[in-house]
*Asks:* 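Attaching a single structure in structure tokens format; questions to follow.
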Amino acid sequence: MTLQLFLLLAAALFAIGLYGALSQQSIVMIMMGLELMLNGVTVAAGAFWHYIAPTGSGQVIVVVVVVAMAVEMAMGFAATTAIFRARDVDMTDMAADLKR
Amino acid sequence: MSTVLFWVLAPLAAASGFLVFRFNSMARATISLLVSFLATGGLLILLGLGYLGVVVILMMVMEMVIMAVFMIAYMMNPAGLMPMAMYHNRRWSLVIGLATFVLLAGGIVVVPWPHRAATPPKDPTFQLGTALMGAQMLTMITLGFALFATMVAAVVLATHRGRYDRFGDDLKRRPAADPVRGGVER
Amino acid sequence: MSHLSWLAWLLLAVPLVGGAGLTVAGRRVNSLAPILGVAAAAGTCVLAVVAAGVRPAASAPLLDGIPAVVRVDGLSAVMVVTVAAVTLAVLVFSVGEFDQDENRGRFFGLMLLFAGAMLVTVTSTGLALLLMGWEVMGATSYALIAYWWHEPRRVAAANTAFLTTRAADLGLYAAAGAALAGGVTGLDLADLPKASAPWLAVATVGIVLAAFGKSGQLPLSFWLSRAMEGPSPVSALLHSATMVAAGAYLLLRVHPLLGASGWGEPTVAWLGAVTALVMGLVAVAQTDLKQLLAASTCAQIGFIILAAGAGGVSGGTMQLVAHAATKSLLFLAAGAWLTALGTKQLPALRGAARRYPIAGVTFTVGIVSLAGLPPASLWVTKDELLAAALDRSPGLYAVGLAAAVVSAVYSVKAVWYVWQPEEANAVAGFDTERVGTREISHTMRPPLLALSLLAATLGLLAVPAVAEPLRRALGVAGEPSPHWWELALSAGLALAGSGLTWRWGARPVPVAAPVKGLLHRWLDLERAAHLLVVRPTLAMASASAAFDDRVLDRGVHAIARSSVALARMTARLDDGGVDQAVAAVAAGTRWLGQQARLLQTGQLHTYYAQAAVLFAMLALVLVVVR
Amino acid sequence: MLTAIVFMPAVAAIVLLVAPARTPRTAFVWSWILVSVVELLLVVIVWVGYRPRGGFGWTENVAWIPTAGVGYRVGVDGLSLPLVALTAVLFVAVAIYSLRETRRVKSYVCLFLFLQAVCLGLFVALDLILFFVFFDLSIVAMFFLIAGWGHEAARAAATKFFLYTFLGSLALLLGFIGLYLAASPHTFDMVVLTRTDPLAGRGAYAGLVLFALALGLAVKTPTVPFHTWLPPAHTEAPAAGSAILAGVLLKMGTYGFVRIAMPMLPDTWRRYAVVFIIVGVISVIYGALVALAQTSFKRMIAYTSVNHMGYILLAVGAAGALSGTDTQARSLAVTGAVTQMVSHGLLTGALFLLSGALYDRGHTYEMADYSGLAARTPVFAGLTAVAAFGSLGLPGFSGFIAEFQIFTGSLASATVATIVAVVGILLTAAVFLCALQRIFLGPLRLPDAPGSARAFPDLRASETAAVVPLLVFAVAIGVAPRLLLDVIEPTARILTQLVAR
Amino acid sequence: MNERLGPLIPEIVLAASAVIGLLAGGWLPRQRQSVIRLMATTACSAGLVATAVAMTQPATVDFGTSYAVDVATNAVRIVVLVATLLVICLSVDTIDGHPRETEFYVLLQLAALGTIMLAGANDLLLAFAGYLLASVPGYALAGFRKDASGTEAALKYYLVGALLGVFMLTGITLLYGVGRSTSYPHLHASLGSAPHGVVAVGVIAVVAGLLFKIGGVPAHFWVPDVTEGSSTAVAAFVTTVPKIGGLAALLRLLMVAISPAAVDWPMLVAILAAASMTLGNLAAFFQSSVKRLLAYSTISQVGYLLMAVAVASSSDLAVASLLFYFAAYAITNLGAFAVVAELPHAATLADYRGLARRQPGLATVLVVCLLGLVGTPPTGVFLGKLEIFTATIDGGYAWLAILAVANTIASLFYYLRWLAPVFLYSPADHRVAVLRPAGRWSALAAYVAGTASVALGIAGGVILPLAAGTLLR
């Protein structure tokens with residue numbers, strides 16, 4: 001159980017999340033990808049706190065991540081709802097009128 | 001003990017995270033994501049951040065419940081259980097994701113990480129509290145306003161009927177004109 | 001320095017201001033113009049005589065360290081009087097030449113300007129002011145030659161004249177610069193020989209070039225032929241006391257410079273001699289009276305230039321004056337016939353002298369002088385300058401003598417025709433140039449008579465009692481005078497040549513036709529100029545214009561176009577162009593590139609991909625670059 | 001005083017802007033004429049009151065943006081005063097000429113008044129940024145004039161003009177910044193920069209700064225090969241705009257050389273003088289040759305501008321080449337260059353106004369469409385001939401005074417180049433003689449069917465009144481050059497000393 | 001600890017006004033919501049006054065070391081508040097009487113507050129909090145019209161923002177991991193000996209988040225879509241205000257927390273600047289939609305702004321030039337948007353044909369603003385550009401200045417494509433409807449912005465010294 005192991009886990013979560021955010025069509029699934037990336041950040045923050053810098057702000061990072069997750073989830077759903085109402089889609093591929 | 005826990009939780013977090021995008025059903029994906037978060041919460045506890053671990057677990061349970069509700073309420077897939085595959089650009093996403101991991105992992109292995117400067121405090125929760133009420137107080141206030149803004153913004157975006165639709169332009173109409181009876185009275 | 005400066009300025013101002021005024025007024029003063037013009041010329045003449053006596057000088061600042069100085073010294077005194085007198089004579093003659101429906105204001109005005117510019121040229125002591133007069137003279141000659149501008153060939157002739165002389169004038173610009181560079185800060189003509197080493201040569205070349213161009217010396221003679229398109233009075237003035245005389249004057253003026261340069265004197269002398277001979281032959285080949293006279297001008301001026309190069313300044317000056325009187329007389333007479341009969345072709349002019357005896361007699365006096373027959377003026381003046389030539393080189397003298405014989409030949413050829421009895425169908429040859437008036441107006445007579453008197457008697461200049469003071473005035477006392485045998489030799493040769501020519505008459509000369517043609521066409525100099533200078537220039541001009549339009553401008557446009565293309569590319573970038581490129585680079589296969597094309601939908605996930613990849617690349621760069 | 005001169009037209013423009021739209025259209029032009037005449041009078045007062053022998057007079061110095069080293073600094077000396085006067089004179093002429101303008105007169109007049117303020121401001125500016133401000137604004141105003149009142153292809157030409165000259169102005173700005181940064185303390189004050197010569201001995205850096213400055217100025221001047229914006233801009237611009245463009249705006253480039261590039265970078269200038277000489281000579285010959293091949297009267301005049309500007313470049317280059325020459329020659333060259341600016345402004349301004357008159361009557365600039373106009377329009381023909389002869393450098397006109405000084409002053413230090421350049425005056429002579437012959441001489445032929453009913457009147461009073469003063473000034477300078485040279489020479493001498501540092 | 005509220009009065013006023021406004025709006029009749037507007041303008045004005053007072057005080061840090069009140073913060077406060085006032089002004093015509101008018105102003109104020117917090121943040125976490133607070137209202141504002149394009153704009157804005165927010169948090173965590181702190185001054189001390197690679201990745205990740213706010217390449221993707229999709233007032237706001245805060249935050253992060261010795265960030269920023277200006281300009285070349293054109297032009301302007309950041313450590317002139325430039329840019333950009341807002345029916349460049357004849361005043365403002373964006377004197381942007389070019393050359397990035405010059409020429413091309421039809425003559429019956437004005441308020445905003453844009457240039461001597469000073473470390 002070392003810092004590197006935790007960080008590898010964080011990197012894995014981050015990469016999986018990135019893959020999801022890139023590959024998913026559904027807005028909700030993209031949001032899941034983003035959450036997963038943040039999940040990785042949480043792990044990394046905890047590991048850094050434990051192994052390198054056990055200071056208050058390290059813990060606050062986790063708090064901030066959690067708040068960010070909440071905020072993004074809320075805004076994501078709100079935006080999804082809005083666009084669903086406006087044009088009956090919930091996928092980014094179908095919301096591509098604005099381009100070039 | 002902690003090593004064993006780590007070797008249980010860490011693969012679990014990664015695997016369930018990966019499965020989020022392998023399941024054909026959104027409900028399963030949500031549950032899989034929740035599992036990943038729960039494992040992370042466990043890891044945080046393992047790292048000595050008990051309070052934060054619990055917070056993460058609780059928050060994520062709530063969030064996933066909400067997400068499930070949303071999916072059931074709004075999505076094209078009412079039950080959230082029907083098989084679906086909504087990918088685009090999979091190959092490249094995979095390449096980018098893998099490349100990211102390889103690069104990050106390489107970096108993690110290669111980098112000479114600094115050593116711990118001080119020992120973790122006895123009571124991390126107290127440390128957190130001190131930070132929140134001290135150096136990071138303004139951060140928390142700002143985050144508070146961010147949450148406030150999120151509420152306003154989410155309402156503005158998500159609801160199509162406001163108070164003037166219900167109570168009239170002068171807010172005098174009683175009872176409120178709701179499409180479905182039983183709205184919150186003022 | 002500024003002795004009687006008002007007189008000096010007035011001498012220049014009267015013709016210049018008067019001329020400018022008349023030119024601008026143009027037709028509006030048509031009826032008054034001849035009177036005003038002649039009055040101004042007369043006033044100038046009086047001022048010139050007075051000035052020649054009292055020798056005024058004036059100075060004004062012109063440029064930084066380069067003042068404008070006018071001074072009537074010995075040579076100038078002779079010149080101003082000559083110029084003013086000939087101008088007066090020509091203008092009086094012109095009163096009868098132009099009638100009311102022509103723009104007389106413009107004509108008299110330009111003539112006065114022309115003469116005024118010549119006065120500036122001959123009185124200026126510095127290069128700057130001289131150049132000003134010199135160039136204005138060229139421009140007014142253009143306007144005068146193109147006086148009948150409705151006819152394109154006359155305008156073309158004027159263009160040729162102006163451009164040719166201006167081409168030569170460039171020499172003066174160069175000379176001015178060289179003088180300054182050589183340390184002659186005031187550009188004073190008298191100081192030119194003091195210029196330092198390389199610049200002295202540049203200045204000499206420039207001045208000689210300019211003088212040759214103005215004087216119609218070989219190889220720049222052709223413009224004089226074209227200049228015959230102008231009215232006869234113009235030719236009379238242009239070929240006698242002004243314009244062509246200016247070049248000769250300049251060389252007489254700067255003969256110390258020629259001496260200082262070392263090579264200047266022989267070069268100039270020989271070129272002058274060759275011109276005198278060759279252009280004499282050209283004159284012989286002419287069948288047009290004015291062309292004959294024009295070519296003879298080149299030849300006669302060639303003598304003066306020979307004189308300038310051979311150190312015979314006094315002889316050259318005498319020749320210049322005598323030639324001015326003679327040649328203006330001849331042109332005026334030819335002009336009188338042209339006005340009356342409408343032709344200047346020698347065959348058509350048979351009997352012209354008999355028809356209009358006053359013109360005929362005065363013309364003959366002029367011809368006698370031109371032929372170098374005793375006792376008329378050019379006989380002695382020519383020998384004066386040939387004496388100087390003999391002093392330098394017998395060869396030069398021999399060529400000069402040959403040229404003198406040739407001049408007798410062409411002179412007598414001309415006079416032979418006009419005294420022949422008129423042919424029966426003579427009228428058929430008339431009116432080829434213009435509609436003749438069949439009369440010589442009475443205002444034309446006094447100038448003819450006066451000029452013939454001068455042409456006959458100006459040889460007196462060479463009488464020692466006159467010549468010695470003249471030499472002193474010119475500052476060249478001690479120049480050689482001809483011995484009695486020289487005078488006799490030249491008189492004899494001229495007489496022989498004249499007699500032979502008279503006897504020969506109009507019979508064809510046994511010379512090969514190409515040579516004759518070549519001489520007749522003025523040695524094809526104009527064609528050569530066209531071929532060697534004008535055409536290449538025009539070709540270069542159109543090539544440059546094409547280059548300008550096609551290459552330079554296109555070049556600018558091409559830059560614009562390529563950035564536009566780049567812009568179009570970037571405009572599509574947001575659709576995944578970068579993504580496509582990045583993907584293609586990353587995978588390195590065509591197939592994947594085609595896959596990536598599917599992504600060109602302008603969608604969010606491509607944004608994600610691009611952002612992720614680009615930031616990753618930036619991170620890599622930043623990690624690697626330290 | 002200078003401030004009043006600069007800003008009066010701008011104020012007048014604002015006043016006219018708020019004037020009711022129903023004001024008769026001539027009222028606008030007449031007020032413009034009034035303003036420009038008053039301007040001219042003020043300039044005369046400045047001229048008469050200019051005392052310092054060669055230094056700056058009538059200076060004003062107000063802090064503007066002190067932290068950026070920018071000040072409102074104005075003043076005149078022997079280099080700028082003639083150009084200020086030229087500007088004032090040209091604008092009077094153009095104003096009078098514009099009495100015949102009928103299209104959107106209000107905005108037309110306001111734009112011109114604005115342009116007038118800008119032009120005057122540029123020549124009196126003694127601060128690089130102030131200079132740049134006016135430099136740029138002149139482009140803007142001219143862009144709108146060309147685009148708004150030009151001929152068929154005006155928009156494209158105007159855009160090209162704007163883009164091209166704007167590129168130049170930005171290059172200039174980079175050069176200014178280079179100077180600013182080199183000065184210690186940082187400043188844009190021209191007087192200080194000239195005095196301190198901040199880039200002395202700064203090798204490559206100074207070379208780059210000079211390159212930027214020269215590029216900017218060369219585009220504006222314009223010299224070959226940066227001139228390609230000029231012919232279309234001139235061809236498409238209205239006559240009044242062309243007159244100002246050629247008469248004043250081109251001078252901004254050449255003025256920049258003598259005001260900024262030479263005195264502020266003396267040693268660098270000397271090192272690269274040969275480049276300017278070569279570019280100048282190429283412009284001279286190339287401009288004349290291309291002009292010779294033109295079939296359009298206006299384009300032809302435009303190219304002769306390239307030729308004339310080439311002489312200026314030759315002169316300023318030669319003034320920087322020190323080899324084997326004395327101060328008199330270099331001072332002559334610089335004086336000649338400034339004189340050439342004035343002379344070209346007057347004569348080419350007149351020619352462009354005349355070409356406008358030609359277009360008004362025949363609706364084409366093609367010389368082949370005309371012939372023998374002298375019969376129908378003697379005054380027009382006469383004035384054009386006078387302007388043409390003036391432009392080809394005939395003595396008695398300002399052009400000769402300028403070119404003679406340039407050649408005489410340049411020969412020593414740039415012998416071959418000058419001798420080649422002298423050929424330019426022969427080519428210009430050919431250019432103008434051909435043009436005169438084609439349009440005015442020979443048998444009468446008008447555009448459309450010959451003898452058709454189209455009215456082809458001689459110059460109107462307003463056109464004559466606009467052109468004649470310009471020619472009178474050109475002759476005045478040609479006959480009595482001291483009027484002008486007394487002002488220029490002392491400053492030119494100072495400038496040559498500065499360059500020789 | 002030093003939790004003084006005094007230096008934070010502008011922020012407090014804004015926050016209070018937003019909260020009270022939301023509550024009060026719930027009880028106001030629809031047509032009386034202008035009270036909230038009045039409150040918002042009062043709050044902004046009060047904030048301006050408070051800032052003016054603060055500018056006379058020495059620079060200070062507050063809440064430990066987490067919030068700096070120095071010249072940059074004050075500049076951002078002023079610019080953001082003035083910009084917010086202008087946006088409120090130009091939005092009145094379309095938003096007056098809207099059922100969600102109250103929320104609109106509340107969101108504007110919250111976004112402005114977040115932007116200011118972002119600019120003043122001297123701590124990574126506070127910066128992220130500011131980032132969130134500045135972003136979230138923006139998402140809602142983008143979708144405020146709730147039509148198809150508006151919601152799409154909101155969605156894209158949100159999704160891009162979310163991803164880059166994740167990046168930013170990642171970066172924060174990494175920097176914390178190797179720097180043992182999130183406070184800038186501490187980081188400056190500790191990052192010197194930290195592993196270079198981690199610091200580099202962390203910096204890039206944090207910069208990615210800030211670039212999203214700034215709208216610079218390669219985080220610019222949202223800019224054109226949001227600008228086109230949302231209402232003009234919102235477009236004006238989101239292309240102007242967050243940029244200001246983001247730039248100040250970037251400047252502070254790089255200057256205070258990271259020494260160029262630890263990571264070669266000047267080169268990084270120079271690359272970003274070059275990419276932004278080039279890409280923005282080239283993409284704008286053939287836009288026919290005015291809003292999209294403006295959007296791309298703002299991307300290119302980011303490039304010029306980033307030039308100043310690139311040389312911030314090597315030239316003393318950089319900070320002042322950046323602060324002045326973004327002030328001038330904000331005003332000028334808002335002026336252009338105000339003209340667009342005043343002519344809501346003219347969507348393409350061709351629609352502007354004949355504007356000079358129909359609306360000479362607006363045409364003048366458009367000329368001033370567009371030529372101002374090019375950098376034509378004597379507008380404020382010219383002075384800003386002058387200062388930035390000066391700083392860039394001074395800082396040894398002459399190539400960047402030359403590139404900027406080339407880009408400026410390129411930008412002139414598309415601005416002229418817009419301006420040319422404005423001055424063309426249009427037939428009398430030419431689409432009267434197209435050039436129908438929206439109302440007085442947008443016009444007022446346009447005139448004010450146009451005047452201010454010129455005034456800023458002419459009165460630069462007064463303004464520029466206010467931007468002088470260094471960041472508090």
Side-chain angles (χ1 to χ4, degrees), chain B residues 47 93 96-97 100-101 103-118 120 128 130-173 184 186, chain E residues 1 3 8 15 18-19 22 25-32 62-67 97 99-100 103-104 106-107 110-111 113-114 117 121 123 125-141 143-144 146 151 154 177-180 182-183 190 193-195 197-198 201:
Chain B
L47 284 168
S93 308
I96 293 171
T100 309
F101 178 73
L103 287 174
L104 287 178
I108 288 164
V109 175
V110 171
V111 163
W113 293 100
H115 298 291
R116 186 154 67 188
L128 175 63
T130 315
L132 290 183
M133 295 314 292
Q136 297 297 345
M137 186 164 158
L138 197 57
T139 308
M140 296 320 289
I141 297 172
T142 310
L143 280 179
F145 276 99
L147 287 169
F148 172 70
T150 307
M151 288 190 284
V152 180
V155 168
V156 164
L157 270 184
T159 63
H160 65 298
R161 287 170 52 81
R163 53 188 179 277
Y164 302 113
D165 300 307
R166 302 180 62 222
F167 301 112
D169 282 352
D170 51 3
L171 299 177
K172 298 245 168 70
R173 185 192 300 150
V184 182
R186 276 203 202 180
Chain E
M1 290 309 283
E3 287 92 9
L8 268 70
V19 175
L22 184 71
W27 278 273
L28 282 173
R30 200 171 83 166
Q31 299 302 339
R32 298 278 310 282
D62 207 357
F63 284 91
T65 57
S66 64
Y67 196 73
R100 297 219 192 270
E103 285 87 338
F104 183 83
V106 168
L107 288 172
L110 287 173
L113 174 64
M117 296 306 296
D123 184 290
L125 288 170
L126 181 56
F128 183 77
Y131 171 92
L132 267 189
L133 180 53
S135 304
V136 166
Y139 307 150
L141 287 171
F144 198 76
K146 307 280 267 306
T151 49
V178 292
R180 295 201 174 90
T182 56
S183 166
S190 58
S193 55
V198 182
V201 174

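Every chain is numbered from 1, with letters handed out A, B, ... down the list of sequences.
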*Asks:* Quick one: what part of S183(E) sits under 4.5 Å from any heavy atom of chain B, side chain, backbone, both or neither?
*Replies:* neither
*Asks:* Using a cut-off of under 4.5 Å on heavy-atom pairs, state which of A15(E), P29(E), G177(E), G143(E) scores highest against chain B.
*Replies:* P29(E)
*Asks:* Please step through side-chain hydrogen bond (donor to acceptor under 3.5 Å, both in side chains) for the pair D123(E) and Q136(B), ending with a clear verdict.
*Replies:* CA-CA 9 Å; D123(E) 184 290; Q136(B) 297 297 345; 3.2 Å; yes
*Asks:* Got R100(E) and T159(B) here, is their nearest side-chain heavy-atom distance under 4.5 Å?
*Replies:* yes
*Asks:* Taking the side chain as every heavy atom from C-beta outward, state whether F144(E) and L157(B) have any atom pair closer than 4.5 Å.
*Replies:* no
*Asks:* Against chain E, label V111(B) side chain, backbone, both or neither, depending on which of its atoms sit under 4.5 Å from a heavy atom there.
*Replies:* side chain
*Asks:* With only heavy atoms counted, which part of L8(E) is less than 4.5 Å from chain B, the side chain, the backbone, both or neither?
*Replies:* side chain
*Asks:* Please determine, among D170(B), T150(B), V156(B), the option with the most heavy-atom pairs under 4.5 Å with chain E.
*Replies:* V156(B)
*Asks:* Is chain E contacted by the side chain of F145(B), its backbone, both, or neither, given a heavy-atom distance below 4.5 Å?
*Replies:* both
*Asks:* For L22(E), is it the side chain, the backbone, both or neither that has a heavy atom under 4.5 Å from a heavy atom of chain B?
*Replies:* side chain
*Asks:* If I compare all heavy atoms of P99(E) with all of R163(B), which pair ends up nearest, and what's the gap?
*Replies:* O-NH2, 4.2 Å
*Asks:* Which atoms form the tightest heavy-atom contact between V178(E) and W113(B), and what is the distance?
*Replies:* CG1-CZ3, 3.9 Å
*Asks:* Identify which of R180(E), R32(E), M117(E) forms the greatest number of heavy-atom pairs closer than 4.5 Å to chain B.
*Replies:* R180(E)
*Asks:* For the atom pair CG (L133(E)) and CG (L147(B)), what is the distance rounded to the nearest 0.5 Å?
*Replies:* 10.0 Å
*Asks:* Kindly give the heavy-atom pair with the smallest separation between A146(B) and L132(E), and that separation in Å.
*Replies:* CB-CB, 4.2 Å
*Asks:* Looking only at non-hydrogen atoms, find the nearest pair between A140(E) and A153(B) and report the distance.
*Replies:* CB-CB, 3.4 Å
*Asks:* For the CG atom of L126(E) and the CG atom of L138(B), what is their distance to the nearest 0.5 Å?
*Replies:* 5.0 Å
*Asks:* I'd like to know whether F128(E) forms a side chain to side chain contact (heavy atoms under 4.5 Å, CB included) with T139(B), so could you lay out the CA-CA distance, the side-chain angles of the two residues, the decisive distance to 0.1 Å, and finally the verdict.
*Replies:* CA-CA 8 Å; F128(E) 183 77; T139(B) 308; over 6 Å; no
*Asks:* Minimum heavy-atom separation for E103(E) and V152(B), please, with both atom names.
*Replies:* CG-CG1, 4.1 Å
*Asks:* Quick one: CD on Q31(E) to OH on Y164(B), what's the gap to the nearest 0.5 Å?
*Replies:* 9.0 Å
